[in-house]
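Shown next, in structure tokens, is the structure this report addresses.
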Amino acid sequence: VQLQASGGGLVQAGGSLRLSCAASGRTFSGYAMGWFRQAPGKEREFVAAISGSGGRTPYADSVKGRFTISRDNAKNTVYLQMNNLKPEDTAVYYCAAKNGLYGRDYVAYNYWGQGTLVTVSS
């Protein structure tokens, strides 16, 4: 499966952005999807994931209550709605897909998008 992330940009603290990740292929609902991020000089970290059906949506503690992951299997797209953004949310955001159950470990994900930069100014 090929993934194309979009929607990043520059936003002031307290603002919102919605990231999208479009996937190729006809079996999108069979993949768990995840969003990860990597800030300069830091390791890639888990942000949120969603099961194939959309029924399970774990979040990192740092974004819980501010970010919402969702998916539209008819459109082969997963979204990350980010509200009340903080400067520490600044990072390159990656979407990823994996067979089987959703997870928080990035090494378990088989397919990756190219990343989209989110910059939050204070």
Side-chain angles (χ1 to χ4, degrees):
V1 62
Q2 294 184 319
L3 305 174
Q4 180 74 36
S6 62
L10 173 63
V11 64
Q12 289 188 332
S16 298
L17 282 175
R18 188 176 81 155
L19 306 184
S20 298
C21 177
S24 64
R26 293 178 290 178
T27 58
F28 179 67
S29 62
Y31 292 93
M33 301 296 295
W35 285 99
F36 295 80
R37 66 186 182 186
Q38 188 165 17
K42 295 188 176 182
E43 293 188 354
R44 190 168 299 191
E45 65 174 359
F46 169 77
V47 175
I50 188 166
S51 60
S53 66
R56 301 292 180 96
T57 55
Y59 294 92
D61 288 344
S62 59
V63 308
K64 200 173 295 183
R66 299 187 298 122
F67 291 11
T68 302
I69 188 171
S70 62
R71 66 190 296 161
D72 185 337
N73 286 341
K75 296 182 178 180
N76 283 12
T77 302
V78 63
Y79 305 97
L80 185 68
Q81 177 67 43
M82 305 185 295
N83 298 329
N84 190 21
L85 282 160
K86 303 176 180 180
E88 52 263 43
D89 294 318
T90 295
V92 176
Y93 283 71
Y94 299 90
C95 62
K98 69 182 296 291
N99 301 106
L101 296 176
Y102 59 89
R104 297 171 179 258
D105 190 353
Y106 73 87
V107 300
Y109 284 76
N110 311 96
Y111 308 98
W112 291 84
Q114 84 287 5
T116 184
L117 177 63
V118 172
T119 304
V120 184
S121 63
S122 57

Do you know the tightest heavy-atom contact between [X] and [Y]?
X: Gly55; Y: Ser51; value: N-OG, 3.2 Å
X: Tyr109; Y: Asp105; value: CD1-O, 3.4 Å
X: Tyr111; Y: Leu3; value: O-CD1, 3.6 Å
X: Phe67; Y: Val47; value: CD2-CG1, 3.7 Å
X: Asn110; Y: Asn99; value: OD1-N, 3.4 Å
X: Pro58; Y: Arg104; value: CB-NH2, 3.6 Å

Do [X] and [Y] belong to the same hydrophobic cluster, where Ile, Leu, Val, Met, Phe, Trp and Tyr are linked whenever their side-chain heavy atoms lie under 4.5 Å apart, directly or via other members?
X: Leu80; Y: Val92; result: no
X: Trp35; Y: Tyr102; result: no
X: Tyr31; Y: Val107; result: no

Would you say that Asp72 contacts Tyr79 through its side chain, given a criterion of any heavy-atom pair below 4.5 Å between the two side chains? yes
Should the pair Trp112 and Phe36 be assigned to parallel (<30°), tilted (30 to 60°) or perpendicular (>60°) ring geometry? tilted
Does Arg71 reach the main-chain N or O of Gly54 with its side chain, forming a donor-acceptor pair under 3.5 Å? no
Using only atom types and a distance under 3.5 Å, with no angle test, would you say the side chain of Asn73 pairs donor to acceptor with the backbone of Gly52? yes
Show me the donor-acceptor pairs, under 3.5 Å and distance only, between side chains in residues 10-23 and residues at least two apart or in other chains.
unit_1, atom_1, unit_2, atom_2, d
Ser16, OG, Asn83, OD1, 2.9

Rounded to the nearest 0.5 Å, what separates atom [atom1] in [X] from atom [atom2] in [Y]?
X: Tyr59; Y: Lys64; atom1: OH; atom2: NZ; value: 10.0 Å
X: Met33; Y: Thr77; atom1: CE; atom2: OG1; value: 9.0 Å
X: Cys95; Y: Ile69; atom1: SG; atom2: CD1; value: 9.5 Å

Give me each pair satisfying salt bridge (charged side-chain N to carboxylate O under 4.0 Å, His left out) with a member in residues 38-55, each pair once, sequence neighbours excluded. Arg37-Glu45
Gln2 atom CD: more than 12 heavy-atom contacts under 6.0 Å: no
Tell me if the centroids of the rings in Tyr106 and Tyr94 come within less than 6.0 Å of each other. no
Which atom pairs, donor and acceptor, lie under 3.5 Å between side-chain atoms of residues 113-122 and protein residues at least two apart or in another chain?
unit_1, atom_1, unit_2, atom_2, d
Gln114, OE1, Ala5, N, 3.2
Gln114, NE2, Ala5, O, 2.8
Thr116, OG1, Gly8, N, 3.0

